[in-house]
Structures are given as structure tokens and as C-alpha cells.
Enquirer: 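The structure that follows is given in the form of C-alpha cells.
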Amino acid sequence: MDEFYLCAMRRVRVRFAPSPTGGLHLGGVRTALYNYLFAHQHGGDFVLRVEDTDRTRFVEGAEQYIIDCLEWSGISPDESPAHGGSYGPYRQSERKELYRQYAERLVADGHAYYAFDTPEEIEALRERLKSEGRENLQYGHQSRMLMKNSLTLTEAQTQELLKSNTPHVIRIKVEPGINIKFTDLVRGEIEMSTDTVDDKVLLKADGMPTYHLAVVVDDHQMQISHAFRGEEWLPSAPVHVLLYQYLGWESEMPCWAHFPLILKPDGNGKLSKRDGQRLGFPVFAMEWDDPNLGLIAGFRELGFLPQAFINMLAMLGWNDGTGKEIFSLGEMVDAFRIDRVHSHGAKFDFEKAKWFNHEWIMKLEADELVSYVLPWYEKEGYDVSEKDVVKHIITMVKDRCTLLSDFISQSSFFFKKPEVQMELISGKWNEKKTAFFKALIEKWTAMAGWAHDDLEHSFKAIASEMEIKPGELLLPLRVILVGGKFGPGVFDISVILGKKETLERIQAALGML
RNA sequence: GGCGCGUUGGUCAAGGGGUUAAGACGCCUCCCUUUCACGGAGGAAUCACGGGUUCGAAUCCCGUACGUGCUACCA
């Protein structure tokens, strides 16, 4: 806990550092969310840094997409490639020159070395060792003296290779036999031996840094106080801690926290973009046009509210211990505690995700909900010019809508004539009912007003006169007006539909019976 | 294989020496509602296993199993 307080004494600066290689999936958004919550809770800064050091995996448009996803989710950063800030540039490719100098400094200090082995040579060696039944080759303390690097070459040879622009990388020289200890805010004390950590490449042959160098240099330069990332980074954490030591920045090392993975609903393993397609649910926040898989719909396109999306994500790895599950972003900012983040992964449950959305649809203020539903109506070509009516309709049907797309099926009959499932009523139809509805048309046509209670009273009066139970008539009327056995009260619907439309629908149905 | 991390109902989980082991999703039953929902009441279902420590273990320790992550000039 000491370390926590040490960090807490600094200005809180956290960063979300995705690489622009494709759609932003659940796990990424959740990491961003926890960063956002932590930053806002401590009055700190939330930075978006784009880790685009791998030119081979760079995907055009991915960066803007990430920014858009964060914006839709309501967790936009304070500093980013798009907004700027005083610690830029926020794209690692634009900081390329920076990394080399630190890598060189590590070499000069004896903490790193030049390695001239080509990827092919290393691969060939690996293959050979494997065929001899030996363990995987780790380029590290046990093998580095067998390789072609500035440790095995003479100074003159090394300089010669460097001068002739021989492709090379710079590797960290990990000293074996050291116990690396650090505090993880979600897992407690972590201790690992350097015996099993290999000499990671720090600077690639193309001059770009690897993640290991870049994350340390950038976190330090950007004065990041707390470094949060996925659990998959835990095994390489010793490299990063070592780098802080070798670079002399140990006292300014950020506090670490490694978040649990989000797992596949079936079986186990990290949730991947293919799982969504395979199991029929979204894994991306928003629609993403994948170069390999094609257009993949996101939570937004499926009809999720951003409030529900982030609420659901937050609960997939954290809770406040009280049993409360529905949180607004603001409430989460207040309630979030990094040490209550779970240390084990959770399987994603789409049913539960939908439940969150349903809760949020019911909870949202009418005006706000309308703004989310309107685009769906407009896409269907519905006439939404009468705002009050539209708002009324939405309020009436929202309890029945789990996804925003459900507003279409639950309220289309208000906007256009439904396809009436006559078989729902034709079976129990008889002449008396025909007579009733003819009488009803007559009565309602002559009626001066069109208020709910007038409709109900007159309806029941005729029913009682003709000695038919209202229940036998209510359902047919519903089906005639709505198309099926669902929806709000029939007279409420009639009021919104208006006199003309209501009577037309009854008339038309009578013609089909 | 090596190293790390983890393991409470089908799923998400609270609980960290003494509890009838919360709650939520989903499922089932009933009530409300002359529809469907919403809402309400109830139900089935759990501490991975084995050893310790202890008067007492889901909780602490060790081991095993299982899961998962990493083991790239990817992040």
C-alpha cells in the first residue's frame, strides 16, 4: 500500500495506449474506462497515446475509430493525438527519434547491446535446437554469448557493422539472478526472478522501439503516475521495472495495475473478435470494417445505449461491494476503487449485457431517451415531426424494449398500418363480434371527443348491451390496431392513433373476417 | 516444456476464521395486468480436490488438478 500512497502524492496522470490495428473491443474499452474513472476520481489527466510502432500491423482509420469509440462511450481523453496536450506528440511513430537516444544510453551504460542476428538466423537456430529436442531458444543470458552481438564481437567489429549500416536491433541485457518486486494495485506484491526473462528487443531494425522501450520512455516523459493495462502484460513487467532502474527513473516509476481478461462465454480463453461472429454478439463498441472479416456491427449498431455499455463493462471486473449494479458514469467515478478490481477474468455474458441495456432504457429521462430512439425511427422513415407524440410513444413502450432496435417492433404500428395476424382472432370470431365492431364504429364515429375514458366507457357499454364479455373483444381490437398480442393499453393506443386511423383499421379488419 | 496469474451456483459475484454462504443475470412457478412487458412473491442451483493449522476453514498455509496469459524485431 505504501507504493499506492507514493503514487497518490503525485498528480494523477493515466494513459490508455492502444495500438491502431483494428476495432476497439470490449477489453480495450474497459481498460480505457477504468483509466477514465481513476483519472476523474483523482482530478487527474486521462491521456490517449497511440502505440503505432508496428508498421506491418497498422490499419488505416483505426486511430480515428478509437477516438470515436471513446467519445461515443462518453469517456473521451483529456490529451490525445486529436486534442493535443502539453506532453505530445501522442503518436509513438512521431516520437521515433526519442527512443533511439535512450536505447543508445542503455548500451553505453552496459545495460543493452547491439545484436546483428537476423530474424532468419534466430529462427533457424530455434528450429535446429527444437529438432535436437532442446527447449525453446530464449535470447537471454544463457544464449546471448552464442549470438552475433556487441557482446561477442570486438568493439572494432561492432563499430564496423554499425558504420556499414548493417541491420541490427538493440536488446536489453537482463542480469540474471535478480528478484524483481513491485506492487500491483489489483494483485498485491508481485515477485519474479530475472532468470526467466529474456533479452527483449528494445529498438527494432527499422529504428522503431518495441512496446517495452516505448512504454517506459513515454510513461516517464508523459509523467504517467499509474500504468494500467491488461493481465497479458504481467510476465513482461519485470523488463519494464528493470528499464526504469537502468534508466535511473526508478523513483518516478508509475504504480502498476494489471486488469483481468474478458473471456469467451463458452469454454475459456481471451475474448476475440471472431467469437462475436461465432456466437452472435458484438465485441466492438461500434461498427468496424475489418479487412479480413468484413463489416462487423458493434454494440452501438445493435441498439445499445452508451450508458449501458460502459456500465456493463465496468461490472465485468469490478463492483463496489454493495450489490449495486446500475451506475451512471458519474456514480462510477465516485465509487470506483482500483483495489476492488478483480484479479481473475470474467466470461462475457451477452444476456446480462442486454439486461443492463433494458435497465438503462427504463431509467433514462424521456428527453434523453428520445434522442437515442429518434435516429432509429428516422432510419425507418417514420414521421417524427410531432415531438410530443413521439416522446409519448417512446415512454409508453420503453418497458418492453431491451435494445433500441426493439422500439421499431414495439411501436411501428403507431407510424404505419400493421400487418395484422388475423389468425390470432379469426378462430374465435363470430357474428356477434362483427355486430359489436359495427356498432362500435358507429358509436365512435358519432362521438364528439376522443379521450381515453370516453373510448373505454363507450366500448364497455356496447359490450354489456350486447352481452359480450369485454375480454373477448379487447384482444381482437388490440390485434386489429397493433397487429399482434403485445403493446400498451388499447385505448391509449387508440388515442394516439386518432379517430380516423383507428376507425380505418377496424373497418379494414372487418373486411378481412 | 518454462514462468506468471487465477479458481464461490450455468454466468456475473459478495463474503477474507464462527453467516441459514448476500445479491444480480438466465431458467421455473405464482400474483398483478381482460395482451405483451414492467412490478411483486417464491423455487431449483455453489465454496475445484487433498492435506495441514485451528475448538472451528469458503476464508490462513502447502500440495495437486484445472483454467488462462506470456514465452516475436506484435502490442
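Here is the naming used below: chain letters follow the sequence lines, and residue numbers restart at 1 for every chain.
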Enquirer: Take atom OH of A/Tyr211 and atom P of B/A72, then tell me their distance rounded to the nearest Å.
Expert: 17 Å

Enquirer: How would you label the contact of A/Thr118 with the nucleic acid (heavy atoms, under 4.0 Å): base, sugar-phosphate, or nothing?
Expert: base

Enquirer: Using whole Å, report how far CG of A/Leu477 lies from C1' of B/U34.
Expert: 12 Å

Enquirer: Quick one: label A/Asp117 by what it contacts on the DNA or RNA (base, sugar-phosphate, nothing), any heavy atom closer than 4.0 Å.
Expert: base

Enquirer: If you assign each of A/Thr56 and A/Pro265 to its closest nucleotide in RNA chain B, which residue comes earlier from the 5' end?
Expert: A/Pro265

Enquirer: Figure out the CG/P separation between A/Leu263 and B/U7, and round it to whole Å.
Expert: 12 Å

Enquirer: Does A/Lys352 get its side chain close enough to the base of B/A24, under 3.5 Å, for a donor-acceptor pair?
Expert: yes

Enquirer: Check every strand shown and say whether A/Lys398 touches a base, only sugar-phosphate, or nothing at a heavy-atom separation below 4.0 Å.
Expert: nothing

Enquirer: When the distance from CD of A/Glu231 to C1' of B/C3 is rounded to whole Å, what number comes out?
Expert: 14 Å

Enquirer: Just how far, in rounded Å, is C1' of B/C25 from CZ of A/Phe356?
Expert: 9 Å

Enquirer: Reckon A/Ala205 touches a base, only the sugar-phosphate, or nothing at all at heavy-atom distances under 4.0 Å?
Expert: base

Enquirer: Hey, is the side chain of A/Arg400 pairing donor to acceptor with the base of B/C36 inside 3.5 Å?
Expert: yes

Enquirer: When the C1' atoms of B/G16 and B/C60 are considered, how many whole Å apart are they?
Expert: 9 Å

Enquirer: Taking B/C49 as the reference, what is the distance to B/G43 when you measure between their P atoms (whole Å, please)?
Expert: 26 Å

Enquirer: Rounded to the nearest angstrom, tell me the gap between atom CZ in A/Arg229 and atom C1' in B/A75.
Expert: 11 Å

Enquirer: With sugar-phosphate meaning primed atoms plus P, OP1 and OP2, does A/Lys354 contact a base, only sugar-phosphate, or nothing at under 4.0 Å between heavy atoms?
Expert: nothing

Enquirer: Would you indicate what A/Leu474 reaches in the nucleic acid, counting non-hydrogen atoms under 4.0 angstrom: base, sugar-phosphate, or nothing?
Expert: base

Enquirer: Side chains of A/Asn319 and A/Arg340 only: does a donor on one sit below 3.5 Å from an acceptor on the other?
Expert: yes

Enquirer: Which part of the nucleic acid does A/Gly487 contact within heavy-atom distance under 4.0 Å: base, sugar-phosphate only, or nothing?
Expert: base

Enquirer: Which is more 5' along RNA chain B, the nucleotide nearest A/Glu232 or the one nearest A/Gly484? Just name the residue.
Expert: A/Gly484

Enquirer: Distance check, C1' atoms only: B/C12 and B/G2, in whole angstrom units.
Expert: 33 Å

Enquirer: I need the CG-C1' distance between A/Asp492 and B/A37, as an integer number of Å.
Expert: 14 Å

Enquirer: Would a distance-only check, ignoring hydrogens and angles, find a side-chain to backbone donor-acceptor pair under 3.5 Å from A/Asp406 to A/Leu403?
Expert: yes

Enquirer: Mind checking if A/Leu473 touches a base, just sugar-phosphate, or nothing, with heavy atoms under 4.0 Å?
Expert: nothing

Enquirer: Considering only atom C1', compute the distance from B/G4 to B/U8 and round it to an integer number of Å.
Expert: 23 Å

Enquirer: Between A/Phe259 and A/Phe228, what is the ring plane arrangement, given parallel below 30°, perpendicular above 60°, and tilted in between?
Expert: tilted

Enquirer: Quick one: label A/Pro18 by what it contacts on the DNA or RNA (base, sugar-phosphate, nothing), any heavy atom closer than 4.0 Å.
Expert: nothing

Enquirer: Measure CZ/A/Arg126 against P/B/A72 and give the value in whole Å, please.
Expert: 5 Å

Enquirer: For A/Thr502 and A/Trp444, test the side chains for any donor-to-acceptor distance below 3.5 angstrom and give the result as yes or no.
Expert: no

Enquirer: Between the side chains of A/Asp54 and A/Tyr211, does any donor sit under 3.5 Å from an acceptor?
Expert: no

Enquirer: With under 30° as parallel and over 60° as perpendicular, where do the rings of A/Trp288 and A/Phe284 fit, or are they tilted in between?
Expert: perpendicular

Enquirer: Between B/A13 and B/C31, how many Å separate the two P atoms, rounded to a whole number?
Expert: 35 Å

Enquirer: Have a look at A/His342 and say if it touches a base, only the backbone sugar-phosphate, or nothing, with a 4.0 Å heavy-atom cut-off.
Expert: sugar-phosphate

